[in-house]
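When a ligand or atom number is given, it counts from 1 through the structure's own listing order. Heads up: numbering here begins at 1 and tracks the sequence.
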Amino acid sequence: MVNGASRVVIVGGGFGGLAAAKALRHAPVHVTLIDRTNHHLFQPLLYQVATSVLAPGQIASPIRGILRKQKNATVILGEVTGVNKDLRCVLVNSADREGVEIPYDYLVLATGVRHSYFGHNEFEKFAPGLKGLADAVSIRNKILQAFEQAEAEEDPSRHRDLLTFVLVGAGPTGVEMAGAIAVLVRNTLRSEFRRIDPTSARVVLLDMSPRILGTFAEPLSQAAKSRLEALGVEVRLGHGADQIDDEGVIVAGERIASKTVIWTAGVAPSPAGKWLSPLQTNRSRQLKLEQR
Ligand SMILES: Cc1cc2nc3c(=O)[nH]c(=O)nc-3n(C[C@H](O)[C@H](O)[C@H](O)COP(=O)(O)OP(=O)(O)OC[C@H]3O[C@@H](n4cnc5c(N)ncnc54)[C@H](O)[C@@H]3O)c2cc1C
């Protein structure tokens, strides 16, 4: 209790954590929101940062600023590393201190997800995913660098690998990224280079499912596929990536040579579920609830 008010600790300043904090603005509680970054990120527009349409600052807002007027809320910048359920406190590492205990009466864990490589973590080095601002900036740099390298490359046979962009996973993020890269190469960059023709770039969207946007209604999948193909995206379905390395991707025995492969398939929860032992998590790190 703080001055008689219950202490609510919220870990994560994403959509979930911030919504929880704001919903408590008139409640007789003291809210402590902890995040390892100083900003709230509007993830649905990450692909626009990754394709140079938006600047990072346009999709990120300081968490302190968002909660500035909420007098019952305090923000802590730090990484939560665990929960001590017996002592009812979370353990936080900050820039200069480790293992600081922040006590709670009520705890909200809203730590989001990361990419899942479905057991192929070795792919991550060659095929980064898109979940945070740093990922988006790094992918943006990688895409732009590929054009710069191709422009500087004397050997035209190397242009093809540099100007082939592969998205592995045709869920919403893969579809958005494929469309945005196609627009980037066909419109934005079309007149910017002298040796290479950006419109000759190849954008390949792969998925092991028989259709893109598998969780959407079938007519929507079909419509999205047609729109992507009209933009020049090559949609290849029915096979996932067997191998990803610094030369590109192998799909159903065929190598697609590419210097820019982006992982847009699959997510896994943050490790927060493990902090709640003896509650169990499954192999995908999801908490098993309603255990009998
Ligand atoms: C590229 C992309 C496009 C998307 N497009 C859409 C869309 O169009 N429509 C839609 O509805 N949804 C979309 N989503 C999904 C949506 O963004 C997520 O469902 C939503 O962000 C989840 O909110 P959250 O609060 O659970 O987690 P997050 O927003 O991920 O927030 C988690 C927070 O927890 C913090 N955190 C994590 N671990 C720790 C720790 N140990 N210590 C301290 N802080 C920690 C992180 O820094 C982060 O700020 C998209 C997601 C992505 C990645």
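Shown here are the side-chain contact (heavy atoms from CB on, under 4.5 Å) partners of Ser209, two or more places apart in sequence or in another chain: Asp207.
Aromatic ring orientation, His120 versus Phe123: parallel (interplanar angle below 30°, classes split at 30° and 60°).
Contact check on Arg195 versus Glu151 returns no salt bridge, with no Lys/Arg side-chain nitrogen under 4.0 Å from an Asp/Glu carboxylate oxygen. Between Glu254 and Arg236 a salt bridge is recorded (basic side-chain N to carboxylate O distance below 4.0 Å).
Residue Leu206 is tested with Val249, Ile212, Leu237 for a side chain to side chain contact (heavy atoms under 4.5 Å, CB included); the sole match is Val249.
Remark: the backbone N or O of Val113 is not paired with any side-chain donor or acceptor of Ser270 at under 3.5 angstrom.
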Protein N/O near ligand 1 N/O, under 3.5 Å, which pairs?
| from | atom 1 | to | atom 2 | distance (Å) |
| --- | --- | --- | --- | --- |
| ligand 1 | 17 (O) | Gln43 | OE1 | 3.2 |
| ligand 1 | 21 (O) | Gln43 | OE1 | 3.3 |
| ligand 1 | 25 (O) | Phe15 | N | 3.1 |
| ligand 1 | 25 (O) | Gly16 | N | 2.7 |
| ligand 1 | 29 (O) | Gln43 | NE2 | 3.3 |
| ligand 1 | 30 (O) | Gln43 | NE2 | 2.8 |
| ligand 1 | 38 (N) | Arg36 | NH1 | 3.4 |
| ligand 1 | 41 (N) | Val80 | O | 3.0 |
| ligand 1 | 42 (N) | Val80 | N | 2.9 |
| ligand 1 | 44 (N) | Arg36 | N | 3.2 |
| ligand 1 | 47 (O) | Asp35 | OD1 | 2.7 |
| ligand 1 | 49 (O) | Asp35 | OD1 | 3.4 |
| ligand 1 | 49 (O) | Asp35 | OD2 | 2.6 |

